[in-house]
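The structure under discussion appears below in the form of structure tokens.
Given the structure is predicted, the values throughout are model-derived calculations rather than measurements. In what follows, chains are A, B, ... by sequence order, proteins preceding strands, each numbered from 1.
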Amino acid sequence: MNYFLVKSEPFKYSWEKFNIDGRTFWDGVRNYQARNTLRDMKEGDLVLFYHSNEDKAVMGIAKVVEESYQDPTTTDPNWLVVDLVPLESLKNPVTLAQIKAEEMLKDIHLVRQGRLSVMPLKPEEFDKIVAMGS
DNA sequence: GCCAACGTTGGC
DNA sequence: GCCAACGTTGGC
């Protein structure tokens with residue numbers, strides 16, 4: 001079981017919209033490092049859903065239900081998507097400021113490499129953020 | 001709205 | 001293959 005974090009701008013695709021949809025394919029990744037991470041996602045892996053810009057907070061937990069396949073929004077074979085379903089909302093969204101303030105979380109990609117839109121998390125980092133949000 | 005970080009592109 | 005220029009992202 002692996003753990004990840006994905007980012008979305010809330011006005012583009014929000015956690016609320018994701019919950020209404022019930023399932024989505026994670027498209028629009030146009031960065032090789034992020035693509036490689038998508039490729040590593042396996043069915044059943046857990047993914048934190050982060051809102052950039054307005055909220056700057058982790059909103060909830062999603063689950064990978066379909067491993068990577070060709071991005072249906074392009075014919076360019078370089079790009080992939082995975083299918084995600086929402087699992088649960090965090091009671092208290094965990095803000096970027098809170099994450100930065102945590103000693104064990106200050107080195108995660110979200111902080112160190114802010115522009116990356118899909119990134120791996122260590123199990124203990126995932127657990128920590130979920131615990132902070134409960 | 002500004003700016004820093006950083007990935008990508010293209011000229012040489 | 002290097003590196004400057006440029007574009008994009010995202011925090012502030």
Side-chain angles (χ1 to χ4, degrees):
Chain A
M1 164 88 70
N2 288 304
Y3 300 93
F4 302 92
L5 183 147
V6 296
K7 272 202 246 195
S8 183
E9 301 180 57
F11 81 89
K12 190 176 161 208
Y13 195 78
S14 69
W15 176 248
E16 290 76 19
K17 176 75 161 53
F18 181 33
N19 275 271
I20 292 165
D21 288 350
R23 176 176 179 135
T24 193
F25 54 84
W26 201 256
D27 68 327
V29 172
R30 293 295 181 270
N31 168 288
Y32 288 104
Q33 198 180 345
R35 189 279 313 270
N36 292 344
T37 306
L38 277 185
R39 202 170 44 197
D40 290 338
M41 289 186 186
K42 301 293 178 212
E43 193 178 334
D45 285 350
L46 296 180
V47 181
L48 293 178
F49 191 111
Y50 174 83
H51 274 178
S52 63
N53 282 320
E54 291 165 40
D55 296 327
K56 282 174 293 179
V58 176
M59 305 304 292
I61 307 168
K63 188 169 76 159
V64 178
V65 289
E66 188 69 52
E67 295 175 14
S68 61
Y69 56 94
Q70 168 70 36
D71 186 335
T73 65
T74 177
T75 54
D76 186 337
N78 280 321
W79 306 120
L80 305 170
V81 298
V82 296
D83 281 5
L84 299 177
V85 296
L87 211 59
E88 59 177 299
S89 296
L90 293 181
K91 239 175 278 170
N92 307 296
V94 178
T95 65
L96 183 61
Q98 285 176 274
I99 289 170
K100 280 184 169 174
E102 279 296 329
E103 184 63 23
M104 71 171 286
L105 297 176
K106 68 178 173 41
D107 282 337
I108 65 174
H109 293 288
L110 181 66
V111 177
R112 301 272 306 244
Q113 205 178 340
R115 294 182 52 208
L116 196 59
S117 59
V118 180
M119 65 199 77
L121 283 177
K122 295 188 188 120
E124 60 268 27
E125 295 164 347
F126 178 90
D127 288 344
K128 179 68 181 175
I129 293 171
V130 171
M132 288 164 74
S134 302

For this session: Please work out if Leu116(A) contacts a base, only the sugar-phosphate, or nothing of the nucleic acid, heavy-atom cut-off 4.0 Å.
Result: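 The residue Leu116(A) makes no contact with any strand.
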Exercise. So what does Arg112(A) hit on the nucleic acid, given a heavy-atom distance under 4.0 Å: a base, only sugar-phosphate, or nothing?
Worked result: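 Here Arg112(A) touches the backbone only, sparing every base.
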In whole angstroms, how far is the [atom2] atom of [N] from the [atom1] atom of [X]?
{"X": "Arg30(A)", "N": "dG7(C)", "atom1": "CZ", "atom2": "C1'", "result": "16 Å"}
{"X": "Gln33(A)", "N": "dG7(B)", "atom1": "CD", "atom2": "P", "result": "6 Å"}
{"X": "His109(A)", "N": "dG7(B)", "atom1": "NE2", "atom2": "P", "result": "11 Å"}
{"X": "Asn78(A)", "N": "dT8(B)", "atom1": "CG", "atom2": "C1'", "result": "13 Å"}
{"X": "Arg35(A)", "N": "dG7(B)", "atom1": "CZ", "atom2": "P", "result": "14 Å"}
{"X": "Leu110(A)", "N": "dC6(B)", "atom1": "CG", "atom2": "P", "result": "13 Å"}
{"X": "His51(A)", "N": "dT9(C)", "atom1": "NE2", "atom2": "P", "result": "17 Å"}
{"X": "Asp76(A)", "N": "dT8(B)", "atom1": "CG", "atom2": "P", "result": "13 Å"}

Exercise. Looking only at atom types and distance, does a side-chain atom of Asp45(A) sit under 3.5 Å from a main-chain N or O of Asn2(A), one as donor and one as acceptor?
Worked result: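 Such a contact is found between Asp45(A) side chain and Asn2(A) backbone.
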Exercise. Nearest of dC6(B), dG11(C), dG10(C) to any side-chain atom of Arg115(A)?
Worked result: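 The nucleotide sitting nearest to the side chain is dC6(B).
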Problem set entry | Selection from dT8(C), dG7(B), dG11(C) that lies nearest to any side-chain heavy atom of Asn31(A) |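 The answer is dG7(B).
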Exercise. In terms of the angle between their ring planes, are Trp26(A) and Phe49(A) parallel, tilted or perpendicular, with boundaries placed at 30° and 60°?
Worked result: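 The arrangement is perpendicular - the two ring planes meet at more than 60°.
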Please state whether the phosphate of [N], meaning OP1 or OP2, lies under 4.0 angstrom from any side-chain nitrogen or oxygen of [X].
{"X": "Lys12(A)", "N": "dT9(C)", "answer": "no"}
{"X": "Tyr50(A)", "N": "dG11(C)", "answer": "yes"}
{"X": "Lys7(A)", "N": "dG10(C)", "answer": "yes"}
{"X": "Gln113(A)", "N": "dG7(B)", "answer": "yes"}

Exercise. Is the closest basic N to carboxylate O distance between Asp71(A) and Arg30(A) below 4.0 Å?
Worked result: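 Yes.
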Exercise. With ring centroids as reference points, do Tyr32(A) and Trp79(A) lie under 6.0 angstrom apart?
Worked result: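 Centroid separation for Tyr32(A) and Trp79(A): below 6.0 Å.
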For this session: Under the side-chain contact (heavy atoms from CB on, under 4.5 Å) rule, what do Tyr3(A) and Glu125(A) come out as? Steps first, then yes or no, please.
Result: CA-CA 9 Å; Tyr3(A) 300 93; Glu125(A) 295 164 347; over 6 Å; no
